[in-house]
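In this text the structure is predicted, and so the values were computed from the model without any measurement. Note that these values count all heavy atoms, side chains included, but never hydrogens, waters or copies made by symmetry.
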Amino acid sequence: MEKGTFAQAAQVAAVICPYVHYVHARLKQNGASALLSLTRSMVEQGVPLQQIVVNDRVDVALLTLVGAVQLPANGLPVADVKSLLPKGTRCGVSVHSLKEAQTAERVGADYVLYGHIYETHCKPGIVPRGLAQLEHICRLSNIPVIALGGIQPHHIPELYRAGASGIAVMSGIWEAESPVAAALEYRRMADLVVHNL
Ligand SMILES: Cc1nc(C(=O)O)sc1CCOP(=O)(O)O
């Protein structure tokens, strides 16, 4: 992401944050200072700190005091991260197997992100893990399992039926013509399922 686009992305995050629980600050191709700029931009634009999840960089989470940090399965130990961040900072781990999910739970992760469930251009050449695996992991987990990867609004009922506690979406919102309209549609479908409407 170019530096000039951080403000734009942060603006979008601010507009959609009333309709979602969390917004991830994630920049795979840029360094820590870019991620810091993006996160600070999100705060300046009005995204509540408690709704921001910083991806991977514990140092950036510490500098910004966001509500959560998302670690890779092979990242820093959760207990060490928690001892560094203010009490109450949520610590999620991204997992791709039952083994990783169980390890994350054992070491104190607050939740796991599990994917990718469906085909997604964000994970080219890797076979999606599918609903049956998601269901298996949800059944054997005692912490929330958040499903991600290729999720469209119409998938939400089957994901919750499989036991997911929530969903995470990247391209379905960020690449939509209207990210806010897309976020609203995901929200509407999730509310239908969660509140049995
Ligand atoms: C960033 C990411 N991580 C995944 C994983 O399986 O770890 S799947 C994924 C992409 C999710 O994005 P979309 O909603 O665009 O398919």
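- Of the possible polar contacts, none joining the Tyr111 side chain to the Arg90 backbone as a donor-acceptor pair under 3.5 Å is found.
- Between Leu192 and Tyr160, every side-chain heavy-atom pair lies at or beyond the 4.5 Å cut-off.
- Using a distance-only test at 3.5 Å, with no hydrogens or angles considered, a donor-acceptor pair links the side chain of Gln51 to the main chain of Val20.
- Inspection of the Glu185 and Tyr19 side chains reveals no N or O donor paired with an N or O acceptor under 3.5 Å.
- Between Ala168 and Leu113, the shortest heavy-atom distance links the atoms CB-CD2, 3.9 Å.
- Looking at every heavy atom in both residues, Ala109 comes nearest to Val93 through CB-CG2, 3.8 Å.
- The two atoms that bring Gly108 and Lys82 nearest to each other are O-NZ, 3.1 Å, heavy atoms only.
- Scanning all heavy atoms of the two residues, the minimum distance from Pro128 to Glu119 falls at CG-N, 3.5 Å.
- In this structure, Val112 is a member of the same hydrophobic cluster as Leu159, with clusters built from ILVMFWY side-chain heavy atoms closer than 4.5 Å.
- Going from atom CD of Glu158 over to atom CD1 of Ile117 covers 10.0 Å, rounded to the nearest 0.5 Å.
- With rounding to the nearest 0.5 angstrom, the CD atom of Glu135 is 10.5 Å from the CG atom of Leu140.
- Here the side chain of Asp110 pairs a donor or acceptor atom with the backbone of Cys91 at under 3.5 angstrom.
- For the residue pair His116 and Gly149, the shortest heavy atom distance occurs at CB-CA, 3.6 Å.
- With hydrophobic clusters built from ILVMFWY side chains whose heavy atoms lie under 4.5 angstrom apart, Met170 does not share a cluster with Leu148.
- A continuous path of ILVMFWY side-chain contacts below 4.5 Å connects Val169 to Val95, so both sit in one hydrophobic cluster.
- Inter-residue side-chain proximity for Pro179 and Val15 is flagged as unmet; no heavy-atom pair is nearer than 4.5 Å.
- The hydrophobic cluster containing Leu36 also contains Ile52, counting ILVMFWY residues as joined when their side-chain heavy atoms lie under 4.5 angstrom apart, directly or transitively.
- More than 12 heavy atoms of other residues, nucleotides or ligands shown are found within 6.0 angstrom of CD on Gln152.
- Taken from CG in Asn74 to OG1 in Thr103, the straight-line distance is 12.0 Å, to the nearest 0.5 Å.
- In terms of heavy atoms, Thr89 sits closest to Val66 at CG2-O, 3.8 Å.
- A donor-acceptor pair is defined here as one N or O able to donate and one able to accept, closer than 3.5 Å; no such pair exists between the side chain of Ser41 and the backbone of Leu38.
- Residue Asn30 holds its CG atom at 8.5 Å from CG of Leu35, rounded to the nearest 0.5 Å.
- Looking at heavy atoms from C-beta onward, Pro77 lies out of side-chain contact with Val107 at the 4.5 angstrom threshold.
- The shortest distance between side-chain heavy atoms of Arg187 and His21 falls below 4.5 Å.
- Looking only at distances, no side-chain donor or acceptor of Gln70 sits under 3.5 Å from a matching main-chain atom of Val53.
- Between Leu131 and Tyr118, the closest side-chain pair of non-hydrogen atoms falls below 4.5 Å.
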Inset, instruction - Please assess Glu44 against Gln11 for the test side chain to side chain contact (heavy atoms under 4.5 Å, CB included), listing each intermediate value before the final yes or no. - result: CA-CA 9 Å; Glu44 279 162 23; Gln11 240 171 6; over 6 Å; no
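- With rounding to the nearest 0.5 angstrom, the OG1 atom of Thr120 is 8.5 Å from the NZ atom of Lys123.
- At least one donor-acceptor pair closer than 3.5 Å links the side chain of Glu100 to the backbone N or O of His96.
- Linking Ile, Leu, Val, Met, Phe, Trp and Tyr whenever their side-chain heavy atoms come within less than 4.5 Å puts Ile167 and Ile137 in one cluster.
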Inset, instruction - List the steps and the verdict of side chain to side chain contact (heavy atoms under 4.5 Å, CB included) for Val58 and Leu71. - result: CA-CA 8 Å; Val58 177; Leu71 302 171; 3.8 Å; yes
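- Note that CZ of Arg57 and OG1 of Thr64 are 12.0 Å apart. Values are rounded to the nearest 0.5 Å.
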Legend entry - Stepwise side chain to side chain contact (heavy atoms under 4.5 Å, CB included) check, Gln133 with Tyr114: CA-CA 10 Å; Gln133 272 303 309; Tyr114 173 70; 3.3 Å; yes
